[in-house]
Amino acid sequence: MKRILIMVWRNILLVPYMWCKLCYHASHPDKYTEEQQYKMLRFITLRANKGGNVHIDVHGEENIPKENGFMFFPNHQGLYDVLAVVEACPKPFSVVAKKEVANVPFLKQVFACMKAYMIDREDVRQSMQVIVNVTNEVKKGRNYLIFAEGTRSKNGNEVQTFKGGSFKAATKAKCPIVPVALIDSFKPFDINTTSPVTVQVHFLEPLLYEDYKDLKTNEIAAMVKDRIQETIHENMGKK
């Protein structure tokens, strides 16, 4: 909470204008292109990070596919995760998130601008429809991010089991799967301090359809999880 307050305070002259702009964009998502929405979100995120003493250390940007129609699968550490990837990634993407965060202020507006899908894990039919919708959109060239752990890790940089079902949209779309390793992404919002923090974002080498077409989704999930955990262990403590 302290960091959010300092983010606001250090951008106090800009906040009223940008908040109104964000809310307007969120209320009129079809009025702007995906690129326009993403450019605005990145600007807000960059200013917030600078004001909040958060530095994003990006690795592996060359692993982001040149062609659109891919899916990011990061580990899930906290409410800050999506904002870390937004600053790190120059290409627009959307999100599949659990419905429980649908009404969190600021994130609600960000997700609206992204035309994100909120998934109800208790409603099988709704969850399956989200998978169908995301599959179709990825085939058409949209990029998505899904947290395959399903919920935030309680153990910081230790990754939980990745759920195979989270990869169904990717396998149906036959798209590149890009593992993303987040390190210390829980610190900006989940630790009550304003001390400078560095969040590492590692885009790992993508799995192409040819690499995973003969694997079951739970096997893909285990492979992606292991790659991310290995990268985290190799880079913890580095600046």
Margin query: One pair to check against side chain to side chain contact (heavy atoms under 4.5 Å, CB included): Phe186 and Val199. What are the steps and the verdict?
Written below: CA-CA 9 Å; Phe186 63 94; Val199 176; over 6 Å; no

Strictly by modelled atom types, are [X] and [Y] linked by a side-chain donor-acceptor pair under 3.5 Å?
X      : Y      : answer
Tyr38  : Lys91  : no
Gln200 : Asp184 : no
Asp57  : His55  : no
His202 : Glu61  : no

As an exercise, state the distance from [atom1] of [X] to [atom2] of [Y], rounded to the nearest 0.5 Å.
X      : Y      : atom1 : atom2 : result
Ile228 : Ile183 : CD1   : CD1   : 10.5 Å
His76  : Phe147 : NE2   : CZ    : 5.0 Å
Glu234 : Gln229 : CD    : CD    : 11.0 Å
Tyr80  : Ile191 : OH    : CD1   : 13.5 Å
Asn49  : Arg3   : CG    : CZ    : 9.5 Å
Leu22  : Gln37  : CG    : CD    : 9.0 Å

Which heavy atom of [X] sits nearest to which heavy atom of [Y], and what is that distance?
X      : Y      : answer
Gly51  : Asn11  : CA-ND2, 4.1 Å
Leu182 : Asn157 : O-OD1, 4.0 Å
Ile64  : Cys89  : CD1-SG, 4.0 Å
Asp190 : Gly78  : OD2-CA, 3.8 Å
Leu215 : Ile220 : CB-CG1, 3.9 Å
Thr151 : Gln160 : O-NE2, 2.9 Å

Is there a side-chain contact between [X] and [Y] (heavy atoms, below 4.5 Å)?
X      : Y      : answer
Val201 : Val180 : yes
Glu149 : Thr161 : no
Gln129 : Asn133 : yes
Ser153 : Asn75  : no
Arg227 : Leu207 : yes
Phe72  : Phe203 : yes
Asp81  : Pro74  : no
Met71  : Leu145 : no

Counting only heavy atoms not in [X] (residues, nucleotides, ligands), do more than 12 fall under 6.0 Å from its [atom1]?
X      : atom1 : answer
Glu67  : CD    : no
Lys225 : NZ    : yes
Glu122 : CD    : no
Lys174 : NZ    : no

Next item on the list: Decide salt bridge (charged side-chain N to carboxylate O under 4.0 Å, His left out) for Asp120 and Lys98; before the verdict, give the C-alpha distance in whole Å, the side-chain angles of both, and the deciding distance to 0.1 Å.
Entry: CA-CA 6 Å; Asp120 183 352; Lys98 59 184 181 180; over 6 Å; no

Give a yes or no on whether the backbone of [Y] and the side-chain of [X] come within a donor-acceptor separation of less than 3.5 Å.
X      : Y      : value
Glu158 : Asn155 : no
Gln77  : Ser185 : yes
Glu87  : Ala84  : no
Arg47  : Arg42  : no
Asn143 : Pro92  : yes

Linking I/L/V/M/F/W/Y whenever their side-chain heavy atoms sit closer than 4.5 Å, directly or via other members, would [X] and [Y] fall into one cluster?
X      : Y      : value
Val58  : Leu46  : no
Ile146 : Val132 : no
Tyr17  : Leu41  : yes
Val82  : Met7   : yes
Phe73  : Leu208 : no

Notebook entry, point to check: Sequence neighbours excluded, which residues qualify as ring-ring contact (aromatic ring centres under 6.0 Å, His included) partners of Tyr209?
Noted result: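 If we apply the ring-ring contact (aromatic ring centres under 6.0 Å, His included) test to Tyr209, skipping adjacent residues, the hits are Tyr212.
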
Next item on the list: With ring-ring contact (aromatic ring centres under 6.0 Å, His included) as the test, would you mind laying out the steps for Phe93 and Tyr144 before giving the verdict?
Entry: CA-CA 5 Å; Phe93 65 91; Tyr144 271 87; 9.0 Å; no

Checklist line | Verdict with supporting geometry, Tyr24 and His28, ring-ring contact (aromatic ring centres under 6.0 Å, His included) | finding: CA-CA 6 Å; Tyr24 184 82; His28 303 82; 4.1 Å; yes

Item checked: Residue pairs, two or more places apart or on separate chains, that pass salt bridge (charged side-chain N to carboxylate O under 4.0 Å, His left out) and touch residues 135-148 ->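 As it turns out, the salt bridge (charged side-chain N to carboxylate O under 4.0 Å, His left out) pairs with a partner in residues 135-148, which skip direct neighbours, are Glu34-Arg142, Glu137-Arg142.
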
Notebook entry, point to check: Is there a side-chain hydrogen bond (donor to acceptor under 3.5 Å, both in side chains) between Arg10 and Asn53 once you walk through the steps?
Noted result: CA-CA 10 Å; Arg10 289 181 174 173; Asn53 295 326; 2.9 Å; yes

Item checked: Stepwise side chain to side chain contact (heavy atoms under 4.5 Å, CB included) test for Lys115 and Asp30 -> CA-CA 9 Å; Lys115 294 184 179 179; Asp30 294 323; 2.7 Å; yes

Next item on the list: Under the side chain to side chain contact (heavy atoms under 4.5 Å, CB included) rule, what do Val86 and Met114 come out as? Steps first, then yes or no, please.
Entry: CA-CA 11 Å; Val86 165; Met114 287 180 150; 3.7 Å; yes

Checklist line | Non-neighbouring partners of Ser27 that pass side-chain contact (heavy atoms from CB on, under 4.5 Å), sequence neighbours left out | finding: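 Checked Ser27 against side-chain contact (heavy atoms from CB on, under 4.5 Å); zero matches.
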
Notebook entry, point to check: Checking side-chain contact (heavy atoms from CB on, under 4.5 Å) against Ile119, which of Gln126, Lys99, Glu100, Met128 comes through?
Noted result: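 Per the side-chain contact (heavy atoms from CB on, under 4.5 Å) rule, the option paired with Ile119 is Gln126, out of Gln126, Lys99, Glu100, Met128.
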
